[in-house]
Visitor: 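Have a look at the structure that comes next, please.
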Amino acid sequence: MTTGTPARAPRANRFHPASFEQKWRDRWEADGLYTARDDDPRPKRYILTMYPYPSGELHIGHWYAATGPDIVARLHRMRGENVMFPMGFDSFGLPAENAAIDRNIHPATWTKANIERMRAQFRSMGTMFDWSRELATSDPDYYRWTQWIFVQLFSAGLAYRAKAPVDWCPTDKVVLAREQVEGTNRHCWRCGTPVVKRDLEQWWFRITNYSDELLDFSGVDYPEPIRLMQTNWIGRSTGAEVDFPTEAPDVAPIRVFTTRPDTLFGATFMVLAPEHPLVSVLTTEDRRADVDEYVTTARRETEIERMSTERPKTGVFIGAHAINPMTKERIPIWIADYVLPGYGTGAIMAVPGHDERDFAFAQKFDLPIHYVVAPVSGEVPDGEAFLGHSGDEVLVDSGEFSGMRADQAIAAITKTLEESGEGHAAVTYRQRDWLVSRQRYWGAPIPIIYCEEHGAVPVPEDQLPVLLPEDVDFAPTGVSPLQSHADWLTAPCPTCGAPGRRETDTLDTVVDSSWYFLRYCAPRNAEHAWDPEQVAAWMPIDLYTGGAEHGVMHLLYFRFFVKALRDLGHLNFDEPTLKLRNQGQILGADHNRMSKSRGNVQAPDELVDRYGSDTVRAFLMFIGPWDQGGPWNPSGMEGIHRWLGRVWGAAQPTHRDVQRATATGSEVLGSAEELERALRRATHTTIAAVTEDYEALHFNTAIAKLMELTNAIVRAREAGQAGSQAYADAVTTLIVLLAPLTPHIAEELWERRGHPYSVHQQPWPEADPALAASDTIELPVQVDGKLRDRLVVTVDTPAEEVERMALASDHVQRYLSGRAPMRVIQIPGRLVNVVTPKG
RNA sequence: GGGCGAGUGGCGGAACGGUAGACGCGCCGGCUUUAGGAGCCGGUGUCGCAAGACGUGCGAGUUCGAAUCUCGCCUCGCCCACCA
């Protein structure tokens with residue numbers, strides 16, 4: 001450089017992300033900047049974002065989901081913590097199989113290609129994923145341990161095989177877990193086809209053993225909606241089980257579950273589910289034809305028809321009677337499909353006076369309705385069931401219990417039942433066991449061999465993994481494709497060596513993802529599913545982020561896995577993650593969920609090519625609260641790009657900027673000293689605010705504050721401050737604060753300003769409260785709560801002085817119109833409110 | 001039907017019960033530039049020339065003071081849905 005710096009922003013130094021972003025990513029990768037080390041003595045921090053299904057392309061939603069935790073991970077790293085932020089792929093599953101069938105390639109080939117592509121896309125984001133820990137659940141080195149866990153659960157009785165009516169998707173030709181059936185019309189979560197019920201022998205995990213513990217969220221920080229979803233899903237109800245004897249000799253009484261033992265005197269009939277085992281026993285000969293017909297019809301009906309609330313009640317009398325244990329009345333026994341076989345005992349005592357469903361049934365079939373609970377004051381409503389949950393009800397027509405408060409009667413009647421042996425307090429859950437077997441090819445084979453003599457025998461550990469054979473015709477037929485592979489199918493019984501047959505169902509992918517966070521702790525360990533030392537060092541996860549749509553599936557299952565494996569002695573903690581946060585969902589521009597079929601998918605790549613990855617990251621984090629998401633709308637991307645361009649220019653003031661006289665703005669803006677102080681104040685308030693916002697995952701407001709600091713720096717430059725120390729410090733701070741959000745430009749500017757590599761290894765700055773404080777403040781002055789004036793005072797102005805100044809204000813005087821104020825309220829440093837006399 | 005959440009400028013959105021609309025987009029005006037772009041300065045809730053008045057889905061209430069708290073209603077979103 002000789003003389004005469006050209007006009008500002010010479011062409012050669014325009015902000016051009018493409019010229020440096022890739023360079024830095026390569027260097028970070030080569031230096032292993034993000035590799036989490038097991039021997040690092042600094043405090044650990046495990047930050048995890050849910051791994052994707054390798055569908056083929058990252059869409060903008062993946063970027064949105066990953067950038068948030070990446071910022072937090074980078075922040076903690078700069079704070080001197082040993083951060084693990086891994087990534088992998090949930091690579092088993094139906095879409096791979098379906099896509100492979102469509103394209104006539106093997107699912108493994110399709111999956112592998114997609115992972116390559118998506119890994120490259122993830123890398124282009126500049127996220128600090130530790131790729132040395134990458135895993136894929138379809139890798140034998142991974143599913144070997146998924147199978148090992150299955151064997152542990154099986155040996156402990158937590159995995160079992162049982163025949164039950166299950167939801168079947170006729171399109172995908174596979175059973176579904178209850179959680180995978182969605183909506184009022186009971187459709188398959190994947191393809192939308194209404195499901196049908198089938199009686200099938202399936203594998204289950206005994207998650208209901210843990211229902212109570214799963215309801216306990218103490219010690220973990222989960223979003224309230226997720227806690228509610230899980231709590232409702234588990235659906236714990238307390239009440240009593242009551243035995244109703246029948247008149248049939250040598251037949252066990254009918255046991256029912258009720259949450260309202262206080263209404264026992266009002267039970268005027270009983271209803272059994274059509275599937276109830278006592279139906280065939282109790283039905284009288286004259287009623288048998290009608291009953292059989294009803295049972296057959298009910299079995300044929302789909303879940304949809306059966307569960308519909310709108311539907312009028314149906315049912316038939318089976319000819320038998322039971323005895324109400326309280327009133328000793330003979331009450332008729334009916335069957336009806338509104339009583340579900342899987343909940344409670346599959347039988348109810350019907351109390352039409354106090355249950356809407358029973359009331360509707362009683363009305364339709366002209367059965368007696370007895371009210372046995374009444375409001376303390378007022379009448380029992382006529383023509384409807386009286387639900388009365390206000391706590392202000394008493395029992396009536398209930399023998400010795402009449403006059404007792406209803407809430408007390410629950411305990412009293414339960415006690416009486418226990419004393420007479422006719423019942424006892426009981427708890428029931430809506431949650432069922434977890435159905436894990438699938439009749440498809442692309443999943444982990446269930447490691448079981450069936451022996452004629454020994455039944456279901458687990459494959460010994462040293463024979464794992466049970467490899468998925470590659471040469472299989474995997475077109476869906478409704479039975480597992482593995483059944484057609486004769487060589488694979490036969491295996492000797494591990495117990496006796498006699499010829500046996502392998503289990504041909506595979507595990508649902510949700511099983512794979514119930515433990516992947518453990519594998520990240522020691523992903524290459526060939527001896528164990530995880531190294532106990534490393535798991536103890538890294539777990540539990542400190543921050544787990546992902547979509548709320550996993551609320552009652554993955555997020556319940558992974559908690560179950562940790563608790564079960566703890567009880568089997570493999571883990572020594574209770575919860576997989578201490579803190580869970582859900583990001584919002586980025587919808588298509590048409591406000592619909594992004595999907596290839598709708599054609600509303602936004603690919604990130606073209607945006608990255610045009611603006612650079614920093615701009616895309618910052619834009620995504622700026623569009624709104626991170627937990628909210630919203631429809632895709634790229635207007636505003638230019639604004640973010642412009643902002644980073646301004647950062648670029650402000651961080652590299654030209655010779656002319658530095659030479660520019662401070663005098664330029666002095667008369668308007670104040671002395672050079674005042675300007676410097678203002679810039680320092682802006683710098684330090686920004687440090688405090690941005691740190692707080694990053695930690696709280698409030699990225700949009702963090703960016704707003706970073707923009708404000710940028711604006712202050714630009715104003716300082718225009719006012720001739722570019723050569724000052726305050727200016728240099730402000731720019732340095734801005735670059736460091738930007739590093740988690742926009743890692744490339746931060747690194748590039750860091751180098752250009754002559755600092756040693758790397759900005760990402762800088763300590764996080766601390767705000768100096770003394771420098772952040774201002775010596776004058778502007779106080780709003782209200783009259784009766786309405787803003788009327790503003791006072792500029794020094795921070796140490798005494799309250800009496802502030803009050804005097806406020807009352808002296810012309811604006812205040814006008815509203816007082818000569819009267820003395822009734823009160824003056826001061827919130828020190830915040831405002832003054834003058835209250836006028838009434839009238 | 002039940003539970004939860006949300007309704008703020010033209011738009012995305014800010015706002016410990018204390019100056020509503022931060023920050024950005026868009027738009028308007030100006031400076032700079034050979035031009036384009038970029039950059040810089042200013043303006044931008046509504047009505048009003050102004051003083052001022054009115055403004056956070058609607059209606060009440062609590063409070064010196066309410067977008068924020070309470071109650072009722074409307075709209076939208078999510079979860080559950082004949083669970084005894």
Side-chain angles (χ1 to χ4, degrees), chain A residues 7-9 11 14-15 182-184 186 223-233 235-237 239 256-260 263 271 273 306-311 313 336-340 342-351 354-358 360-361 428-432 548-549 551-552 585 591 619 622-625 628 630-631 633-640 642-643 645-646 649 665 698 700-708 710-711 714-715 717-718 778-790 814 821-827 829-836:
Chain A
R8 184 150 30 78
R11 195 163 288 270
R14 292 277 301 280
F15 170 47
E182 294 181 338
T184 316
R186 311 267 84 206
E224 189 61 23
I226 298 288
R227 280 187 359 206
L228 270 168
M229 275 166 70
Q230 295 199 356
T231 302
N232 292 339
W233 185 261
R236 184 179 199 268
S237 294
V256 302
F257 173 76
T258 177
T259 55
R260 295 291 305 275
T263 63
V271 187
R306 182 134 175 203
M307 302 278 275
S308 167
T309 334
E310 326 289 276
R311 190 157 160 260
K313 295 275 179 291
D337 61 8
Y338 80 91
V339 174
L340 307 172
Y343 183 77
T345 61
I348 62 159
M349 63 176 208
V351 185
H354 305 286
D355 182 283
E356 285 172 319
R357 296 152 300 181
D358 298 344
F361 195 84
T428 290
Y429 303 85
R430 295 180 46 189
Q431 184 180 34
R432 316 289 167 80
E549 67 274 17
V552 292
Q585 205 169 53
H591 290 61
F619 172 70
F622 185 61
I623 53 180
Q628 198 175 293
N633 175 7
S635 78
M637 183 80 75
E638 291 287 351
I640 291 288
R642 238 166 8 226
W643 167 52
R646 277 160 14 100
H698 294 163
N700 58 329
T701 50
I703 292 169
K705 284 152 193 166
L706 290 166
M707 287 172 167
E708 285 184 85
T710 308
N711 293 342
V714 167
R715 272 198 305 274
R717 182 188 66 199
E718 298 301 308
E778 192 187 72
L779 279 183
V781 179
Q782 297 181 334
V783 176
D784 292 331
K786 289 194 171 157
L787 178 73
R788 296 304 181 193
D789 202 359
R790 293 185 169 92
R814 182 142 45 89
M822 198 169 79
R823 286 169 73 181
V824 178
I825 290 162
Q826 270 201 57
I827 311 296
R830 294 294 306 193
L831 62 53
V832 185
N833 187 15
V834 177
V835 185
T836 63

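So you know, we letter chains A, B, ... as the sequences are listed, proteins then strands, and number each from 1. Because the structure is predicted, anything quoted here is derived from the model rather than measured.
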Visitor: Expressed as a whole number of angstroms, how long is the span from A:Tyr343:OH to B:C80:C1'?
Guide: 14 Å
Visitor: Return the value, rounded to whole Å, for the distance between atom CD1 of A:Ile703 and atom P of B:A22.
Guide: 17 Å
Visitor: Report the distance from atom CD of A:Glu638 to atom C1' of B:C25, rounded to the nearest whole Å.
Guide: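 Rounded to the whole Å, the gap is 11 Å.
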Visitor: With respect to the side chain of A:Ile825, which nucleotide from B:C82, B:C41, B:G18 is positioned closest?
Guide: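 Taking heavy atoms from C-beta onward, the closest nucleotide is B:G18.
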Visitor: Is RNA chain B part of any stem, that is, at least 3 consecutive Watson-Crick or G-U pairs with both distances under 3.5 Å, and where?
Guide: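 Detected stem regions: B:1-7 with B:74-80, B:10-12 with B:23-25, B:26-31 with B:39-44, B:45-47 with B:52-54, B:57-61 with B:69-73.
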Visitor: Which nucleotide in the set B:G24, B:C82, B:G18 lies at the smallest distance from any side-chain heavy atom of A:Met707?
Guide: B:G24
Visitor: Rounding to the closest angstrom, what is the interatomic distance between B:G18 and B:G7 at atom C1'?
Guide: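 Approximately 23 Å lies between the C1' atom of B:G18 and that of B:G7.
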Visitor: When the C1' atoms of B:C74 and B:G57 are compared, how many Å lie between them, rounded to an integer?
Guide: 7 Å
Visitor: Measure the acute angle between the ring planes of A:Tyr343 and A:Phe257, then classify it against the limits of 30° and 60° as parallel, tilted or perpendicular.
Guide: perpendicular
Visitor: With heavy-atom distances below 4.5 Å as the criterion, would you say the side chains of A:Ile825 and A:Val835 are in contact?
Guide: yes
Visitor: Given the P atoms of B:C79 and B:A15, what is the spacing between them in whole Å?
Guide: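 B:C79 and B:A15 have their P atoms separated by 27 Å.
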Visitor: Quick check on B:G39: is either OP1 or OP2 less than 4.0 Å from any side-chain nitrogen or oxygen of A:Arg646?
Guide: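 A:Arg646 to B:G39 OP1/OP2: no side-chain N or O under 4.0 Å.
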Visitor: With the 90 degree cut-off around zero defining syn, does B:G37 come out syn or anti?
Guide: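 For B:G37, whose glycosidic angle is more than 90° from 0, the conformation is anti.
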Visitor: Measure the CZ-CE distance between A:Phe622 and A:Met707 for me, rounded to the nearest 0.5 Å.
Guide: 4.0 Å
Visitor: Within the modelled atom types, does a donor on one side and an acceptor on the other bring the side chain of A:Lys313 and the base of B:C82 under 3.5 Å apart?
Guide: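 Per atom types, the contact qualifies.
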Visitor: Sticking with atom C1', work out how far B:A51 lies from B:C25, rounded to a whole angstrom.
Guide: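 Each nucleotide's C1' atom is 34 Å from the other's.
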Visitor: Does B:U19 have OP1 or OP2 sitting under 4.0 Å from an N or O in the side chain of A:Arg790?
Guide: no
Visitor: Within the structure, does a side-chain N or O atom of A:Gln628 lie under 4.0 Å from either OP1 or OP2 of B:G13?
Guide: yes
Visitor: Identify which nucleotide among B:G37, B:G18, B:A84 has an atom closest to any side-chain atom of A:Val339, counting heavy atoms from C-beta outward.
Guide: B:A84
Visitor: Base, sugar-phosphate alone, or nothing: which one does A:Asp358 contact when heavy atoms must sit under 4.0 Å apart?
Guide: nothing
Visitor: By nearest atom, which of the nucleotides B:A81, B:C41, B:C23 is closest to the A:Arg430 side chain?
Guide: B:A81
Visitor: In terms of the nearest nucleotide of RNA chain B, which residue is placed more toward the 5' end: A:Lys786 or A:Val714?
Guide: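 Looking at RNA chain B, the more 5' nearest nucleotide goes with A:Val714.
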Visitor: Considering all heavy atoms of both residues, which atom of A:Ala350 and which atom of A:Val271 are nearest to each other, and what is their separation?
Guide: CB-CG2, 4.2 Å
Visitor: Give a yes/no on whether any side-chain N or O of A:Asn700 is located under 4.0 angstrom from OP1 or OP2 of B:G24.
Guide: no
Visitor: Working to the nearest 0.5 Å, report the span between CH2 of A:Trp233 and CD of A:Gln431.
Guide: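 One finds 8.5 Å between CH2 of A:Trp233 and CD of A:Gln431.
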Visitor: In whole Å, what separates the C1' atom of B:C11 from that of B:C16?
Guide: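 Rounded to whole Å, the distance is 28 Å.
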Visitor: With heavy atoms under 4.0 Å as the rule, sort A:Gly235 into base, sugar-phosphate or nothing.
Guide: nothing
Visitor: In whole Å, what separates the P atom of B:U68 from that of B:U63?
Guide: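 Their P atoms lie roughly 16 Å apart.
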Visitor: With rounding to the nearest 0.5 angstrom, report the CZ to CG distance, A:Arg788 to A:Asn833.
Guide: 10.5 Å
Visitor: Respond yes when some side-chain nitrogen or oxygen of A:Ser237 is under 4.0 Å from OP1 or OP2 of B:A84, and no when none is.
Guide: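 So the side-chain polar atoms of A:Ser237 do come within 4.0 Å of the phosphate oxygens OP1 or OP2 of B:A84, strictly under.
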Visitor: Does A:Arg814 reach a base, just sugar-phosphate, or nothing at all? Heavy atoms under 4.0 Å.
Guide: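 A:Arg814: backbone/sugar contact only, no base atoms under 4.0 Å.
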Visitor: Salt bridge or not for A:Glu224 and A:Arg227, using N-O below 4.0 Å?
Guide: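 A salt bridge links A:Glu224 with A:Arg227.
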Visitor: Which nucleotide wins on minimum distance to the side chain of A:Val835, given the candidates B:C64, B:C11, B:A20?
Guide: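 Closest of the options to the side chain of A:Val835: B:C64.
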Visitor: Is A:Arg227 near enough to B:G3 that one of its side-chain N or O atoms lies under 4.0 angstrom from OP1 or OP2?
Guide: no
Visitor: Within this structure, what is the CE-to-C1' distance between A:Met229 and B:C80, rounded to whole angstrom?
Guide: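 The distance from CE of A:Met229 to C1' of B:C80 comes to 9 Å, rounded to the nearest Å.
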Visitor: In whole Å, what is the span from the OH atom of A:Tyr338 to the P atom of B:C82?
Guide: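 Rounded to whole Å, this separation is 13 Å.
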Visitor: Could you tell me whether the phosphate oxygens of B:C25, OP1 or OP2, come under 4.0 Å of any side-chain nitrogen or oxygen in A:Arg642?
Guide: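 Answer is yes, contact under 4.0 Å.
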Visitor: Expressed as a whole number of Å, how far does the P atom of B:C71 sit from that of B:G26?
Guide: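 Pairwise P distance, B:C71 against B:G26, rounds to 42 Å.
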Visitor: Would you kindly compare A:Gly346 and A:Leu228 by the position of their nearest RNA chain B nucleotide and give the one closer to the 5′ end?
Guide: A:Leu228
Visitor: May I ask you to say what A:Glu708 touches in the nucleic acid, namely base, sugar-phosphate or nothing, with a heavy-atom cut-off under 4.0 Å?
Guide: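 If one applies the 4.0 Å heavy-atom cut-off, A:Glu708 turns out to touch the sugar-phosphate alone, with no base involved.
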Visitor: Take the protein atom CG of A:Asn711 and the nucleotide atom P of B:C25, then report the distance between them rounded to whole Å.
Guide: 10 Å
Visitor: Could you tell me if the side chain of A:Ile348 sits less than 4.5 Å from the side chain of A:Asp358, heavy atoms only?
Guide: yes
Visitor: Would you tell me if any nitrogen or oxygen in the side chain of A:Asn232 comes within less than 4.0 Å of OP1 or OP2 on B:A81?
Guide: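 Answer is no, no contact under 4.0 Å.
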Visitor: More than 12 heavy atoms of other residues, nucleotides or ligands under 6.0 Å from CD of A:Glu356: yes or no?
Guide: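 Atom CD in A:Glu356 is not crowded, with 12 or fewer foreign heavy atoms closer than 6.0 Å.
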Visitor: Looking at B:U19, B:A84, B:A14, which one has an atom nearest to any side-chain atom of A:Thr258?
Guide: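 Per side-chain heavy atoms of A:Thr258, the pick is B:A84.
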Visitor: Just how far, in rounded Å, is C1' of B:U19 from CZ of A:Arg788?
Guide: 13 Å
Visitor: When we call it a touch if two heavy atoms are under 4.0 Å apart, what does A:Ile623 touch: a base, just sugar-phosphate, or nothing?
Guide: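 Sugar-phosphate contact only - A:Ile623 comes under 4.0 Å of backbone atoms but never of a base.
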Visitor: Output the rounded distance in Å from CG (A:Leu706) to C1' (B:C23).
Guide: 11 Å
Visitor: For the atom pair CG (A:Asp789) and CZ (A:Arg814), what is the distance rounded to the nearest 0.5 Å?
Guide: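 Interatomic distance, A:Asp789 CG to A:Arg814 CZ, rounded to 0.5 Å: 10.0 Å.
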Visitor: Hey, mind stepping through A:Lys705 and A:Glu708 against salt bridge (Lys or Arg N to Asp or Glu O under 4.0 Å) and telling me if it holds?
Guide: CA-CA 5 Å; A:Lys705 284 152 193 166; A:Glu708 285 184 85; over 6 Å; no
Visitor: Please give the distance between the C1' atoms of B:U75 and B:U56 as a whole number of Å.
Guide: 16 Å
